[in-house]
Protein chains: 2
Amino acid sequence: MNKELNVSNLEQRDQTAASERAQDHVQHDRLQSVIAELAAFGGRSDGGVSRETLTDNDLQARRYLIDLARSRGCSVTIDDCANLFFRRPGTSDLPPVLTGSHADTQPVGGKLDGAYGVLAGLEVIAALNDAGIETLRPVEVVAWTNEEGCRFGPGAMGSSAFVDPSCLPAYRNSVDAKGVRFGDALDLALQAVPDVPRRPMAEPMSACVELHIEQGPVLERALVSLGVVTGIQSVRWYRIQVTGTAGHAGTMPMGERVDAMAAAVGLAQQLYAYQAVEAGEKLRLTLGRWQVSPNSINTIPGAVEFTVDVRCVDEQVLVQFEAALNRITRAYSWAGQIEFESMFSRPPTHFPAAMLELIERACTRACSSASLAAPLRMTSGAFHDAMYLAEHCPTAMIFVPSKGGVSHNAAEETAPEELFLGVQALAYAVTSLANA
Amino acid sequence: MNKELNVSNLEQRDQTAASERAQDHVQHDRLQSVIAELAAFGGRSDGGVSRETLTDNDLQARRYLIDLARSRGCSVTIDDCANLFFRRPGTSDLPPVLTGSHADTQPVGGKLDGAYGVLAGLEVIAALNDAGIETLRPVEVVAWTNEEGCRFGPGAMGSSAFVDPSCLPAYRNSVDAKGVRFGDALDLALQAVPDVPRRPMAEPMSACVELHIEQGPVLERALVSLGVVTGIQSVRWYRIQVTGTAGHAGTMPMGERVDAMAAAVGLAQQLYAYQAVEAGEKLRLTLGRWQVSPNSINTIPGAVEFTVDVRCVDEQVLVQFEAALNRITRAYSWAGQIEFESMFSRPPTHFPAAMLELIERACTRACSSASLAAPLRMTSGAFHDAMYLAEHCPTAMIFVPSKGGVSHNAAEETAPEELFLGVQALAYAVTSLANA
């Protein structure tokens, strides 16, 4: 953690009115117009956006962002993972305050996921300019490369490589469905911006705040407009393989069968029951991908594989789940050969208390000045670039509601007033951090 | 049913020693050699056979059978569905006794499924020739077209079209995976045998006996070498469609989910429980084909479709199952939109008692002369051409064991001694029927 920022003193240091003035200079219409302009790169007739990382659409969007940032007085730099940084200088050369998100989308995504956080950062720059505020620390807005991970796996390549550049060589070998290497696409993206100077990776940051849509229904259901994200859930992925004996559906007596699907269904039922009875809302359980062999109406399934995705902000809950998974699979050994293996595991992220207090103050002022309910403290169920930045500097996130919890979908939507509120809170928080 | 055969008088009429002499002239080695020769058409290095209907392998196998039948004194005819008939004349011109099966296989099948029944019929002809037996009725051996139904659906086209020629026009429009019409493949198969005269379909038959491998483990488990098939199970196929709401595995709280897989698993579990608790061995239940959407590790399944295959010789059991399926799906309506539709239904086939008595006598003599356990009365879990012939004339089936119950598999196997016993029983039954 970067020592130069004394987060415990934020409250005292934040007595200036600068944060409030920055918040009050955020402009609703200016925000909406750039959201619409950026959405045109990869824009679809259904209102969605198709802008996978490092595609032509993405490269054109990057050029749009560079021009927009320069028009707001920012200097622009790019690192070896093609992460774009837009810098507003401070009165000192202390490590900057970082905000932003990503501009790439799912194959069919919405206009807000990621893009909103980048444009919100540039709106904060514009607000600081309009308010004539000079900050102690520089403010940098970042557009991370390949957060979505749909074209090249894994996701969050840009932010994770920024924090740990030793990841980059392996990322460069990632290949998309058409056989294109990430490294080659990266080099083309870098060559496409010869006017943008290269910068080192892993540079010190004093703090980071990411503003993002929730991608879930929690805020909407609670009738709350802003969320203070306390952390990001831990996740574990497993592959469960049930091996039975394929056979003729008509000729094999029930007593003679080793039916892989009967065993898999029993197993799955016990996992759902464990979630409902033992864990409850703490544990999120998804059995999302199933492969059945031979998958024929009149053949007893000989093999069934399914995946388990479990998430909780309290890793102990996942430790207990894994123990239960062990018990349950052992209990089903009579029903065929059952194996499970861990595919992926990520510990939870907890944002620092002092950062949460600042974010809560920022959100509270934005909500109260609009006579709206106080912000809600909540965890993020999805991964975000902030998850990696939290390993690098004091980090926090702000959520705005997603209508119906819809995400990774052309129908993704957030009320313009709530998008405006989110940027107001971000402006307050970034200004406070930049003066701390 | 054909009235000319008085099956109730079989016992009296069967006092002649002809049936026993025919049985005693069946030759083990002659049978084995033609099984090996026919298996060469589409033969595989793993011992299996790939001879889907009307492929080049199948057309060459048909030519082999025509030449073999003629070498045993048979006249050969073919009908509009390319069913091949090999006829040994009787002393009268009464409707013939029919035996045989099919020569086509699954994409990867064994050398016995179907082929054994055809070659057994030709071995009976050879035995009758060697014994110098003249029968009252002609004996015809048939090789039905497309019993397997894997290249062109549905299965048992040849036998069902023979019994009801009005099916043929629709069958001709069936298309295989490469876009070939069954009708066109049929015309090529007919043109390939210009030396074989065409015959009308649906000609009267006095009786039909089909000899087939069991394709299940019942006889092997019972240490019995021959099975008297009392009937063929009724079958019903259903498609169950569960519609939920796809969502992000991380961001959607459990309480907000409409998880199509959670509902499908609960439904499936109740169906398995119904079979085990309410129906037991009477009901055979297979949930064989599953389709999950979007089928992604970290997305809540939005739609799950699975198939239900239920079978029982007592149709009432299936009527009760369908009522339970109704109750269970209604009970799950809270878990999303659940619909089920019937895809296919076939009532049970019960072979006539007098035919079963004759088959039992024939099998008993074969088994006892080899000092083996008495034959077992059993039902067939699989469909066979005999199912359709039962609508046309008095019909019955004989089963020989399948090692390990393995079928539709290169590993399909039956002991040569048991294949020999099966043909002995067939020779006895066919001769008795041909003199009745």
Side-chain angles (χ1 to χ4, degrees), chain A residues 214-218 221 233 235 237 246-257 259 261-262 264-266 268-269 272 275-276 280-281 283-292 294-301 304 306-309 311 343-344 380-383 402 405-409, chain B residues 214-218 221 233 235 237 246-257 259 261-262 264-266 268-269 272 275-276 280-281 283-292 294-301 304 306-309 311 343-344 380-383 402 405-409:
Chain A
E214 179 196 335
Q215 303 178 270
V218 174
R221 293 281 193 283
Q233 289 185 120
V235 61
W237 284 355
H248 192 299
T251 59
M252 188 61 67
M254 298 307 287
E256 301 282 345
R257 299 186 178 201
D259 184 332
M261 181 54 75
V265 161
Q269 181 76 335
Y272 286 126
Q275 181 280 321
E281 272 299 335
L283 181 69
R284 288 176 182 170
L285 170 68
T286 305
L287 311 183
R289 193 181 70 199
W290 290 64
Q291 284 161 312
V292 181
N295 215 34
S296 156
I297 295 179
N298 56 349
T299 304
I300 300 159
V304 176
F306 65 95
T307 57
V308 178
D309 173 313
R311 305 189 191 215
M343 298 166 69
F344 174 74
S380 170
F383 288 173
S402 294
V406 174
S407 175
H408 291 180
N409 189 311
Chain B
E214 179 197 334
Q215 301 179 271
V218 174
R221 293 281 192 281
Q233 288 184 118
V235 61
W237 285 356
H248 192 299
T251 60
M252 188 62 68
M254 299 306 288
E256 302 282 345
R257 298 185 179 200
D259 184 333
M261 181 54 75
V265 161
Q269 181 76 334
Y272 286 127
Q275 182 280 322
E281 272 299 336
L283 182 68
R284 288 177 182 169
L285 170 68
T286 305
L287 311 182
R289 193 180 69 199
W290 290 64
Q291 284 162 310
V292 181
N295 215 34
S296 156
I297 295 178
N298 56 349
T299 305
I300 300 159
V304 176
F306 66 95
T307 56
V308 177
D309 173 313
R311 306 188 190 217
M343 296 166 70
F344 174 73
S380 170
F383 288 173
S402 295
V406 174
S407 176
H408 290 181
N409 189 311

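For the numbers below, each heavy atom of this structure counts, side chains included, while hydrogens, waters and symmetry mates do not. Residue numbers start from 1 in every chain, and the chains themselves are labelled A, B, ... in the order their sequence lines are given, proteins ahead of strands.
Proximity to chain B involves both the backbone and the side chain of A/Val265, based on heavy atoms less than 4.5 angstrom apart. For a residue to count as touching a neighbouring chain, one of its non-hydrogen atoms must lie under 4.5 Å from one of that chain's; by this rule B/Gln269 touches chain A with backbone and side chain alike. Residue A/Ser407: no heavy atom, backbone or side chain, is found under 4.5 Å from chain B. Residue B/Trp237 touches chain A through its side chain alone, counting heavy-atom pairs closer than 4.5 Å. Proximity to chain A (any heavy atom under 4.5 Å) is shown, for B/Val304, by neither the backbone nor the side chain.
Residue with the most contacts toward chain B among A/Ser296, A/Ala268, A/Gly280: A/Ser296 (heavy-atom pairs, distance under 4.5 Å). Taking A/Glu214, A/Gln215, A/Met343 one by one and counting their heavy-atom pairs under 4.5 Å with chain B, the maximum is reached by A/Gln215. The greatest number of non-hydrogen atom pairs below 4.5 Å with chain B, out of A/Gly405, A/Pro301, A/Gly266, A/Ala262, is found for A/Ala262. Ranked by non-hydrogen atom pairs under 4.5 Å with chain B, the options A/Asp259, A/Asn409, A/Leu285 are led by A/Leu285. Residue with the most contacts toward chain B among A/His408, A/His248, A/Glu281: A/Glu281 (heavy-atom pairs, distance under 4.5 Å). Here A/Asn295 is the residue among A/Thr307, A/Val218, A/Asn295 with the most heavy-atom pairs under 4.5 Å with chain B.
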Residues A/Arg284, B/Met254; criterion side chain to side chain contact (heavy atoms under 4.5 Å, CB included); working and verdict: CA-CA 6 Å; A/Arg284 288 176 182 170; B/Met254 299 306 288; 4.2 Å; yes
Trace of the side chain to side chain contact (heavy atoms under 4.5 Å, CB included) decision for B/Trp290 with B/Met261: CA-CA 11 Å; B/Trp290 290 64; B/Met261 181 54 75; 4.3 Å; yes
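Proximity of a side-chain donor or acceptor of A/Arg257 to a complementary backbone N or O of A/Ile300 within less than 3.5 Å is not detected.
A/Ala249 is linked by a side chain to side chain contact (heavy atoms under 4.5 Å, CB included) to A/Asn298, B/Thr286, B/Asp309, B/Arg311, counting only residues two or more places apart in sequence or in another chain. Residues that satisfy the side chain to side chain donor-acceptor pair (under 3.5 Å) test with A/Thr251, not counting sequence neighbours, are absent from this structure.
Residues B/Pro253 and A/Pro217 are in side-chain contact: their nearest non-hydrogen atoms beyond the backbone lie under 4.5 Å apart.
Residues A/Gln233 and A/Phe383 share a closest heavy-atom pair of O-CE2, 4.0 Å.
One distance of note links CZ of B/Arg289 with CD of B/Gln291; it measures 5.5 Å at 0.5 Å rounding.
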